[in-house]
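Note that the coordinates shown come from a computational prediction; the quantities given were computed from them, not determined experimentally.
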Amino acid sequence: MPLYHDMGLVGYHLSPIFGCFSQYHIDPMDFIKRPFIWLDIIDKCKITINGCPNFGQALLLRHLKRNKTITWDLSSLKAITNGAEPISVRIMNEFIDNVKPHKFRPEAMMPVYGMAESTLAITFSELLHQPVVVPFRRKDLNFNLKAVRADHIDSSAQLIPSVGKALNNIQYRIVNDEDQPIKESNIGHIQIKGPCVTSGYYNNPEVTQKAFCGDWLRTGDQGFVFEGNLYITGRYKDIIFIHGKNFYAHDLEHVAQSVDDVSFGKAFIGGIFDETKGHDKVLLFLVGSVTQETMATFNKIRNLFLETLGISIDVFIPIRSNHIPKTSSGKIQRYKLISAYMRGEFDDVINEIRQLQEKSS
């Protein structure tokens, strides 16, 4: 995490200073160019606490699969905090499986939840315990806004990792659209309060007023409590509403990644309300160019969505990887992609796709 991001600055610079611990830093660009430098330093310096979101884990996985001759000793690790973006269970499990041969303990993987407005941390999973991942019935999550454990794991189940319990001096609650607390297992808006939570946004009283419900800060995230732990379902602004059901963009992206040709960070989903249809129009942004191969991958994703979710993809947009807007922590800024679509910036490539489809038919 770069030091201009709150997880890097507060979690991995100021906290070690306060605790009088040694800290080691790698320039993010050096890590991107040479991902193994991360494991080299863990091995050499016997690092105990570390942090890495989906993006970094996926990057390392690609390099590990191409080079299996190097070995490391990762037994010193007590915790790799995994947060900053919706946690991909598939990437997390693949990462654990691939670094196990290097003396990595699965219980060192620690899903967490936090935000800058809470001076970083809100909930942590229990230290030195394997991540808790629960299969939930997708229909109940999307249609009934309720978490119901699935009897078995199949294509209809959604795996969601627990992000644990609240840390000291911070509280959270789950509320409905009227800011009223709701019962456990019901999906709602996450609100937080405590001495570590901001009192407002600098020189912006209007936004500050909208952000609070009394002493409670509206996080903009949705989630639920299940068996005492917090589970995050996604950002409220990333909900796509179709046929009376709520779908989260990152969950649909995880479904798309189950297609063999689609790796992590190559497919992005957005929604925009279509007045003629009365529900959201689904946009699929896929890294690639206008080719038959890209069209074949799109068709696989489209058919998968229809068969498993009953969702039709309305617009397909090939995009270059360097044109994908991201935050400093690597989170995709879907709203910028959607805004660019609404401004007509993708009209040319969409027309190319239509022409290619016409030729094929």
Do [X] and [Y] have side chains that approach each other closer than 4.5 Å (heavy atoms only, starting at C-beta)?
X	Y	answer
Val315	Lys281	yes
Arg218	Asp179	yes
Ser185	Phe226	yes
Glu352	Ser289	no
Ile239	Gln222	yes
Val287	Arg320	no
Ile49	Phe21	no
Leu59	Phe31	yes

For the hydrophobic clusters of this structure (ILVMFWY residues joined by side-chain heavy atoms under 4.5 Å, transitively), does one cluster hold both [X] and [Y]?
X	Y	value
Leu309	Leu141	no
Ile272	Phe241	no
Ile160	Ile182	no

query = Do you know the tightest heavy-atom contact between Val89 and Pro161?
reply = CG2-CD, 3.7 Å
ask   = So which heavy atom on Ser15 is nearest to which on Val10, and how close?
value = OG-O, 2.8 Å
ask   = Between Phe36 and Trp72, does the ring centre distance come in under 6.0 Å?
value = yes
message = Going by side chain to side chain donor-acceptor pair (under 3.5 Å), name the pairs with one or both residues in residues 20-37, residues two or more places apart or in two chains.
response = His13-Gln23, Gln23-His25
inquiry  = Glu307: which residues meet the side-chain contact (heavy atoms from CB on, under 4.5 Å) condition with it, sequence neighbours left out?
reply    = Asn303
Can [X] and [Y] be counted as having a side-chain donor-acceptor contact under 3.5 angstrom?
X	Y	value
Lys165	Asn229	yes
Thr291	Thr294	yes
Thr81	Tyr12	yes

message = Does Lys336 form a salt bridge (charged side-chain N to carboxylate O under 4.0 Å, His left out) with Glu345? I'd like the steps, not just the answer.
response = CA-CA 11 Å; Lys336 288 189 176 181; Glu345 294 181 16; over 6 Å; no
task = Check the surroundings of atom NZ in Lys46: do more than 12 heavy atoms from other residues, nucleotides or ligands lie under 6.0 Å from it?
result = yes
Lys146 NZ: over 12 foreign heavy atoms closer than 6.0 Å = yes
ask   = Parallel, tilted or perpendicular: which fits the ring planes of Tyr248 and His250, with parallel below 30° and perpendicular above 60°?
value = tilted
Less than 4.0 angstrom from a charged side-chain N to a carboxylate O is my criterion; do [X] and [Y] meet it?
X	Y	answer
Asp140	Arg137	yes
Lys65	Glu94	yes
Glu253	Lys266	no

query = Who passes ring-ring contact (aromatic ring centres under 6.0 Å, His included) against Phe285, sequence neighbours left out?
reply = Phe346
task = Walk me through it: do Gln357 and Phe298 pass the test side chain to side chain contact (heavy atoms under 4.5 Å, CB included)?
result = CA-CA 12 Å; Gln357 289 174 323; Phe298 162 63; 4.2 Å; yes
inquiry  = Can a donor-acceptor pair be found, under 3.5 Å and without considering hydrogens, that links the side chain of Asn67 to the backbone of His63?
reply    = no
